[in-house]
Amino acid sequence: MSAPSLPAYDPAAVEAKAQARWMEDRVFEADDQGDQPFYCLSMFAYPSGQMHMGHVRCYTLGDVIARYQRLKGRTVLQPVGWDAFGLPAENAAIKNGVPPAEWTYANIDAMRGQFKRLGLALDWSREFATCDPSYYRWEQWMFLKLVEKGLVERQTTVVNWDPVDQTVLANEQVENGRGWRSGALIERREMPQWTLKITRYADELVDALETMDGWPEQVRTMQRNWIGRSEGVDIDFVVEAPAGQPPVSTLTVYTTRPDTFFGCTYVAVAPDHPLAKAAAETDPELAAFRAECQKVRAAEADLATQEKLGRPTPFTAIHPLTGVALPIWVANFVLMEYGTGAVMAVPGHDERDFEFAQKYGLPIVQVVAPQDGSDELADLTQGAYTSKQGQLVNSPGFDGLAFAEAFDGIASALEAKGAGRRRVNYRLRDWGVSRQRYWGCPIPMILCGSCGPVPVPEADLPVVLPTEVVFEGVSSPLKTDALAAWRQVACPRCGAAAERETDTFDTFMESSWYYARFACADNDTAMLDERAKKWTPVDHYVGGIEHAVLHLLYSRFYHKLLRDEGLVDSDEPFKRLLLLGMVLKDGRKMSKSAGNIVSPNELIDRHGADALRTFMMFAAPPDQTVEWSDSGVDGATRFLRRLWAQVQSHIADGPAPALDPCALDDAGKALRRLAHETLAKADDDFGRRLAFNTVVSSVMSLSNELGRYDGAGETARALRQEVLTIAVQVLSPIAPHICHQLWLALGHARPVLEGPWLAVDEAALARDEVDLVVQVNGKLRGKLSVPSGADQDAAQALALAEENVQRHVEGKTLRKVIYVPGKLLNFVVGG
RNA sequence: GCCGGAGUGGUGGAAUUGGUAGACGCGCCGGACUCAAAAUCCGGUCCCCGCGAGGGGGUGUGGGUUCAAGUCCCACCUCCGGCACCA
C-alpha cells in the first residue's frame, strides 16, 4: 500500500453529511414557479410503523427518476405523504387499546425517520397525512359537489360483506371469494350504500386506455377487462304463464350474439331473478334449488368448475321473430348481476348453453355454419360452434350473412318490431364507497327521519372524526352511546332531530386525489388551486402492481371528476406508470409469517443507504420481481468502496490539469471512449428504458477499466479526472450520498445534484478501428480489427488473410458474402 | 377455460433494431499479501472432446423462416399475474 493514509469510506459519516447539506440548502423543496416542471411520485405508504423492502424499492426507483430529471434540468416535485386511514389502526386499537389516531401518528413519526435515512430527494414541506381534517375536509367538500351533480346515489344493494372486518368490500377488494385483507369468506348482504357513478365514465375510462402509451400494456389490459365493455342487444320476450300462475308480462335478456337468435331453444334466468322467485312460490323444488344456489354463491364463489344445474318453470317465452314458445328455465350459471339476469340460450353456439341443453335434453339447433372453403368444423353433436367466422343458416331472411351483417340485421329487425334495443353493457359497476368502519373519513351526510339523507352544508365542513374513542368489540365507536353527542344533530333542511351518517369512506377515496393535493398542500381555502394545473398530470408514477385496477382505476375516475369541476385541466392523472415487481427472499414474499424479513434499517446500519440502494437497483430491472441477496449487498458495498478508493488516490496528487484528448495513447482513447459510451448509455437507460440495473453494471465496468488503465503523467491524470467525473455523476441518482462527496472531492464547486448532465463528446466515441466478427456459414471463425470506414472488399481481404478463416473457406465455392459494417462479415460457402 | 408476461450457466441477471450468447454482480476454484485469519488485490469459471491450436454442442420442448434466431413465425410444456359461467 503506497498510501495507507487515504481516508476510508465511512458510509454513516458520508450519508449524514450529505443529508445535512441537502436539508440546509432545502434543495428538494420544489419551486412552484420553476421551469420545465417534472412531477415524480411514488405511491404513498400506509404508515404501518415499519419501513420494509418494498418501500425501499419503490421509493428508490422514484428517487432515481427524480434525481435524474433534476440533472437534466427539470424542476422536480417529489412529495411524500401518508395513506393514513384504514383497518390496521383499528385492529391495533382493539388489540392494544391505543386510539387509532395516536397509533397512526406515532407510526408516521417512526417511518418518517426511516424514510429520511434512505436519502430520498423528497419535498418534506408538502407532507400530509390523509387522516388530518385539513386533508379530508376537501374530500367531503368534493363529495358534496358530486351529490349536487347527481353523481352520488344511495342504493340498497347486495354487497360483499366481510364478516371478520365487519365491513363492506368493493368487488375489486374480493379475491377468489375472500376479503383482500382479512382473507375471510365473503357473504352477500343487502345494505344501503353510498355509490359514486363511475359507470357514467366507463366509456371514457376504457377508450383512453388506447392512447395511454406511458402505461404498461399489461395494466391497460387488466383495466379493459375490468370495465368489460361489450356491445349487444336487449331482447324482450312476451311471457306466457299457464292458468293458475301469476302473470308475468315480459322478460328481457341481454346478448352479444343476436346473430344466433334463430338458434335460441330456451331461455334461462338467474336464481335471483324475479321470474324465478315467482315460479318458486308454487314449486317447492324450485324454491329449494334457489336456496341451494344462494348457499353455494356465498360459500363457494371461487369454485372453478361448478356443475351446470337448473330447474324448469311453467312459463314460456315467445320468440319475437318466429313466434315459437320457448321454455324458461332457472339456471345456476346465469348471474343476476350481469346484463339483465336472463339469457337467451343458443346451445348450438354457446358452450354453457350446450352443456346445459345436453344435460336436460333441450333441443340444439344449428344456425351458424363454417364459411364455404373454411377448414373449421362444426359438429353440433360434440360441442357448440362458437366461431364468429361462420355464416348464418336456418335463419329465415338472414341466411348466408356473416357475423357483422347478421348482428346488424337481426338487431334492426328486433328494433323495428319494438322487441329489442342495441345496448352497450359493462362489467364495471358503480363504486360503493361506504364502509362500516370508524377510522376513515366521515361521510358528510345527515339522515333525517322526514327528509331522508341530507348533505351537510358546506359551511359546516369539515365533519371531524372524533379521535378520543374507546373500542367496544369490533364495531365502530361512531355507533356507540359514548359518541351520541357527535351523532345527534339537527336536520339542516327541516331542523328536526337527525343523525349523522356513521359510515366512513372507503380509503381508496383518499388515495384517489392525494397526488393533486401535493401541488398545493398548504392551501386551506380550497381543495386545489392553479398549482395543481401546473404540476398534474404526474409525469412519472411508481408503485406496486397490486394497484393495477383498484387504486389506478379510481384515481383515473376521480381525476376526471376533478377536471369536470374545473380543478385540473388534464384528462388523465398519470402520464407514465412504472409498476415494480415484488421483493422476494428465498423465493417467497417477505413476511412475518414466513420469517424471512430483512430489515432495511439494519442494512443501512451495516452498509449504508447507498449500498442498499445500489444493490436494489442493480439486482433486477424495476418491473421484475427481485430476489433478495445479502451477499449481493456486500458486492454493492465493495463496488462503492473501490470507487471511493479510486477517487481518493486520484485526488491525493492534487488537482488534475485540463485534458487534451489528442495527447492520449490508444489505451487512453479506449478508456475515454468507454467513459463517453457509458454516459450516453446511462442517459438512455435512465430516461427511456428505465433500466437502472444496467446503469449500475456499466459504471462498474467503467470503474474496472479505469483500474486496469496504467497510464502515467499529466495526460493520464486529466483522463482519470474526466472518467471519474462521468462515473460519479452517472451513479449519483442511485448512490447520491457517496457521489455527493466524491464529486466535491474531485474539485467541482457546485453539488453534483445540480447538474447539468454532462455532454457526450462525439469525438470521443469515434473509432479508428472497429472489431469485426468473421463467420463462415454463420459460424464464428475469427475476429479482426479493421479501419472503421472499411468497405466490403477491404474487410473481405483482411478476413481471408486470417488463417482460421482461410481454412474453412478454401476449396469451397464462395456463394455469397454478407457484410454488416462495423459488426460482421459472413462468408456463405458451398460444395 | 380466456387474456397478459416470462422461461438464458451453480445463482441474480445482460444481450436495446435479427448480427460475437452469458456483460456486470454473487458463489465457487486458484494465486498474491499475512505467522495465520479477515479485508483487499490478481487470474479462472456454460457443457463436451483436445496438451494445445482448435473443434462440437448450447438460451423450456419440437418444427419453421433466414446467410444469420435468445430475439421472428407455428405447435406444445412449465411458471407468474389478471379475469373467470360476463351471455
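No hydrogens, no waters, no symmetry mates; every other heavy atom, side chains included, goes into these values. Lettering follows sequence order; numbering is per chain, from 1.
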Practice task
Determine the interplanar angle of the A/W628 and A/F615 rings, folded into 0 to 90°, and report it as parallel if under 30°, tilted if 30 to 60°, perpendicular if over 60°.
Solution key: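 Plane angle over 60°, so perpendicular.
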Practice task
Over 60° means perpendicular and under 30° means parallel, so classify the ring planes of A/H551 and A/H547, tilted if in between.
Solution key: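 Correct class here is perpendicular.
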Handout entry: Step-by-step salt bridge (Lys or Arg N to Asp or Glu O under 4.0 Å) determination, A/R422 to A/D408
Key = CA-CA 9 Å; A/R422 274 166 240 248; A/D408 210 51; 2.7 Å; yes
Salt bridge between [X] and [Y], side-chain N to carboxylate O under 4.0 Å?
| X | Y | result |
| --- | --- | --- |
| A/D353 | A/K308 | no |
| A/E217 | A/R220 | yes |
| A/R673 | A/E769 | no |

Nearest to the [X] side chain among [options], which nucleotide is it?
| X | options | result |
| --- | --- | --- |
| A/Y254 | B/G19, B/A87, B/G25 | B/A87 |
| A/M700 | B/G25, B/C26, B/A23 | B/G25 |
| A/V773 | B/G25, B/A84, B/U20 | B/U20 |

For [N] versus [M], give the span between their [atom1] atoms, rounded off to a whole number of Å.
| N | M | atom1 | value |
| --- | --- | --- | --- |
| B/C46 | B/U11 | P | 14 Å |
| B/G56 | B/C74 | C1' | 29 Å |
| B/G5 | B/G60 | C1' | 15 Å |
| B/A15 | B/U71 | P | 15 Å |
| B/U66 | B/U45 | C1' | 34 Å |
| B/A75 | B/C48 | P | 36 Å |

Just name whichever nucleotide pairs with [N], Watson-Crick or G-U, keeping both distances under 3.5 Å, else none.
| N | answer |
| --- | --- |
| B/U65 | none |
| B/C26 | B/G10 |
| B/C2 | B/G82 |
| B/C76 | B/G60 |
| B/U17 | none |
| B/C41 | B/G31 |

Handout entry: Sugar-phosphate only, base, or nothing, as touched by A/V828 at under 4.0 Å among non-hydrogen atoms
Key =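 The residue A/V828 makes sugar-phosphate contact but no base contact.
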Practice task
Give A/R642 one of three labels, base, sugar-phosphate or nothing, depending on what nucleic acid heavy atoms sit under 4.0 Å from its own.
Solution key: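 Sugar-phosphate, no base atom in range.
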Practice task
Would you please indicate if the ring centroids of A/Y266 and A/Y360 are separated by under 6.0 Å?
Solution key: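 No.
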Problem - Base of B/U40 paired with side chain of A/R641 (donor-acceptor, under 3.5 Å) - result: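 Under the 3.5 Å cut-off, the side chain and the base do not form any donor-acceptor pair.
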Problem - No-H, no-angle donor-acceptor pair, A/K816 side chain to B/C67 base, under 3.5 Å - result: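 Per atom types, no contact qualifies.
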Problem - Min side-chain heavy-atom separation A/R224-A/V206 under 4.5 Å - result: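 Yes. Closest side-chain heavy atoms under 4.5 Å.
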Practice task
Please determine, by modelled atom types, if A/Y426 and A/D203 share a side-chain donor-acceptor pair under 3.5 angstrom.
Solution key: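 The criterion, which ignores hydrogens and geometry beyond distance, is satisfied for A/D203 and A/Y426.
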Exercise for the section: Answer with yes or no whether the side chains of A/T199 and A/D430 bring together a donor and an acceptor at under 3.5 Å. Expected result: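 Checked: A/D430/A/T199 side chains pair up, N/O donor to acceptor below 3.5 Å.
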Exercise for the section: Would you confirm whether A/R290, through its side chain, and A/P271, through its main-chain N or O, come within 3.5 Å as a donor-acceptor pair? Expected result: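 Yes, because the side chain of A/R290 sits within donor-acceptor range (under 3.5 Å) of the backbone of A/P271.
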Exercise for the section: Enter syn or anti for the glycosidic conformation of B/G12, syn applying to angles within 90° of 0. Expected result: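 Here B/G12 takes the anti form, which means its glycosidic angle is more than 90° from 0.
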List, with names and distances, any nitrogen or oxygen atoms from the protein found under 3.5 Å away from nitrogen or oxygen atoms belonging to nucleotides 48-53 of chain B.
none

Handout entry: Closest-nucleotide ordering on RNA chain B, the 5'-leading residue of A/G228 and A/S629
Key =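 Result of the comparison: A/S629.
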Handout entry: Rounded distance (Å) that lies between atom C1' of B/G82 and atom CG of A/L550
Key =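 Roughly 12 Å, once rounded to whole Å.
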Handout entry: Interface residues of residues 774-783 of chain A with RNA chain B (non-hydrogen, below 4.0 angstrom)
Key =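 Of all residues in residues 774-783 of chain A, the ones placing a heavy atom under 4.0 Å from RNA chain B are A/Q775, A/K779, A/R781, A/K783.
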Completion exercise
Scoring nucleotides 1-14 of chain B by protein non-hydrogen atoms under 4.0 Å (B base, S sugar-phosphate only, - none) yields --SS-------BSS
